[in-house]
Amino acid sequence: QVQLVESGGGLVQPGGSLRLSCAASGVTSDTYAIGWFRQAPGKEREGMVCFDMTDGYTYYVDSVKGRFTVSGDNSKNTVTLQMNSLKPDDTAVYYCALDFLFPNEACSIWAYDYDRWGQGTQVTVSS
């Protein structure tokens, strides 16, 4: 059974940084992607970035491009999201999710493509 566990959330001042990690267990295939999503109170879940564990392909949405960086460690089935220059608007519960990919399928930032989710970790950006 695939399980995802996020860690690294917390409270940070505007302009600060946080690093989130997503550890996957029970994964029996190398062909998968990890997506990072967030959901602020009263808002829909938003996809931010996806990372293809097979070839390292990444995709960022414009709102986080240049501020967030994703990286992965295949040997540990872990993906890290480095978040810099954080803003109050980045406040949300952050989730990682896993999508097993078909051959030549690119990773996605759409929640409906993912069927395994972590429990989420709170990120609060406030002075």
Side-chain angles (χ1 to χ4, degrees):
Q1 178 134 0
V2 174
Q3 291 189 327
L4 302 174
V5 178
E6 302 100 337
S7 60
L11 172 65
V12 64
Q13 292 187 343
S17 298
L18 278 177
R19 179 177 295 177
L20 306 183
S21 290
C22 175
S25 61
V27 180
T28 58
S29 170
D30 293 335
T31 312
Y32 68 94
I34 294 292
W36 282 98
F37 299 79
R38 65 186 180 188
Q39 188 165 18
K43 294 187 177 181
E44 293 187 356
R45 190 165 297 188
E46 172 193 19
M48 301 179 294
V49 58
C50 70
F51 180 84
D52 188 328
M53 294 293 279
T54 305
D55 59 12
Y57 170 82
T58 59
Y59 179 85
Y60 299 89
V61 297
D62 288 345
S63 61
V64 305
K65 195 176 296 182
R67 300 190 298 125
F68 292 9
T69 303
V70 67
S71 59
D73 185 337
N74 277 314
S75 66
K76 298 180 181 179
N77 283 341
T78 299
V79 173
T80 298
L81 182 67
Q82 177 67 42
M83 306 187 296
N84 299 327
S85 302
L86 284 163
K87 309 172 184 179
D89 283 350
D90 293 317
T91 296
V93 177
Y94 283 66
Y95 300 88
C96 66
L98 184 147
D99 177 30
F100 289 106
L101 300 174
F102 292 104
N104 300 315
E105 179 186 4
C107 68
S108 153
I109 51 89
W110 303 110
Y112 55 70
D113 282 327
Y114 293 79
D115 54 7
R116 277 85 166 181
W117 292 81
Q119 81 287 354
T121 185
Q122 177 70 45
V123 170
T124 303
V125 185
S126 174
S127 55

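Computed from heavy atoms alone, side chains included, the values below leave out hydrogens, waters and symmetry copies.
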Evaluate the criterion salt bridge (charged side-chain N to carboxylate O under 4.0 Å, His left out) for residue pair K65 and D62; output intermediate values, then yes/no. CA-CA 5 Å; K65 195 176 296 182; D62 288 345; 3.3 Å; yes
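- Atoms CZ and OG1, on R38 and T91 in that order, are 9.0 Å from each other to the nearest 0.5 Å.
- Atom CD1 of I109 is separated from atom CE of M48 by 10.5 Å, given to the nearest 0.5 angstrom.
- L101 and V79 fall into different hydrophobic clusters, defined by Ile, Leu, Val, Met, Phe, Trp and Tyr side-chain heavy atoms under 4.5 Å apart, directly or through other members.
- A distance of 11.0 Å separates OG1 of T124 from CG of D90, quoted to the nearest 0.5 Å.
- Cluster annotation: V61 is connected to V49 through the hydrophobic network of ILVMFWY side chains, with a link wherever side-chain heavy atoms come within less than 4.5 Å.
- In this structure, the side chains of V125 and D89 stay at 4.5 Å or more apart for every pair of heavy atoms.
- Here the side chains of K87 and P14 are not in contact, with every heavy-atom distance at 4.5 Å or above.
- In the hydrophobic clustering (ILVMFWY side chains linked at under 4.5 Å, chained through shared members), Y95 is joined by F37, V93, Y114, W117.
- Residues Y57 and L98 are members of one and the same hydrophobic cluster, defined by side-chain heavy-atom contacts under 4.5 angstrom among Ile, Leu, Val, Met, Phe, Trp and Tyr.
- What you find for V27 and S29 is that their closest heavy atoms are CG1-O, 3.2 Å.
- The two atoms that bring A92 and A40 nearest to each other are CB-N, 3.8 Å, heavy atoms only.
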Derivation and outcome, side-chain contact (heavy atoms from CB on, under 4.5 Å), residues S7 and S21: CA-CA 5 Å; S7 60; S21 290; 3.7 Å; yes
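- Distance check, rounded to the nearest 0.5 Å: CG of D52 to OG1 of T31 gives 8.0 Å.
- Side-chain atoms of T78 and D73 form no donor-acceptor pair, as typed in the model, at a separation below 3.5 Å.
- Rounding to the nearest 0.5 Å gives a distance of 6.5 Å between CG of D113 and CD of E105.
- Environment of CD in Q82: crowded, with over 12 heavy atoms of neighbouring residues, nucleotides or ligands closer than 6.0 Å.
- Residues W36 and E6 form a side-chain contact, since some pair of their non-hydrogen atoms from C-beta on lies under 4.5 Å apart.
- A distance-only check finds a donor-acceptor pair linking the side chain of T54 to the backbone of D30 [under 3.5 Å].
- Between Y32 and F100, the ring-plane angle classifies as perpendicular under the 30° and 60° cut-offs.
- The line from CZ of F51 to CD1 of I34 is 9.5 Å long, rounded to the nearest 0.5 Å.
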L81 and F68: CA distance, side-chain angles, deciding distance, side-chain contact (heavy atoms from CB on, under 4.5 Å) verdict: CA-CA 7 Å; L81 182 67; F68 292 9; 4.1 Å; yes
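- L11 and L18 fall into different hydrophobic clusters, where Ile, Leu, Val, Met, Phe, Trp and Tyr side chains are chained together by heavy-atom contacts under 4.5 Å.
- Y112 and D99 share no donor-acceptor pair across their side chains, judged by distance under 3.5 Å alone.
- Connection of M83 to V5 is not established within any shared hydrophobic cluster, with ILVMFWY side chains joined at heavy-atom distances below 4.5 Å, either directly or through further cluster members.
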Stepwise, does the side-chain contact (heavy atoms from CB on, under 4.5 Å) test hold for E46 with S63? CA-CA 11 Å; E46 172 193 19; S63 61; 3.5 Å; yes
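- The 12-atom threshold is exceeded at CG of D55, counting heavy atoms of other residues, nucleotides or ligands nearer than 6.0 Å.
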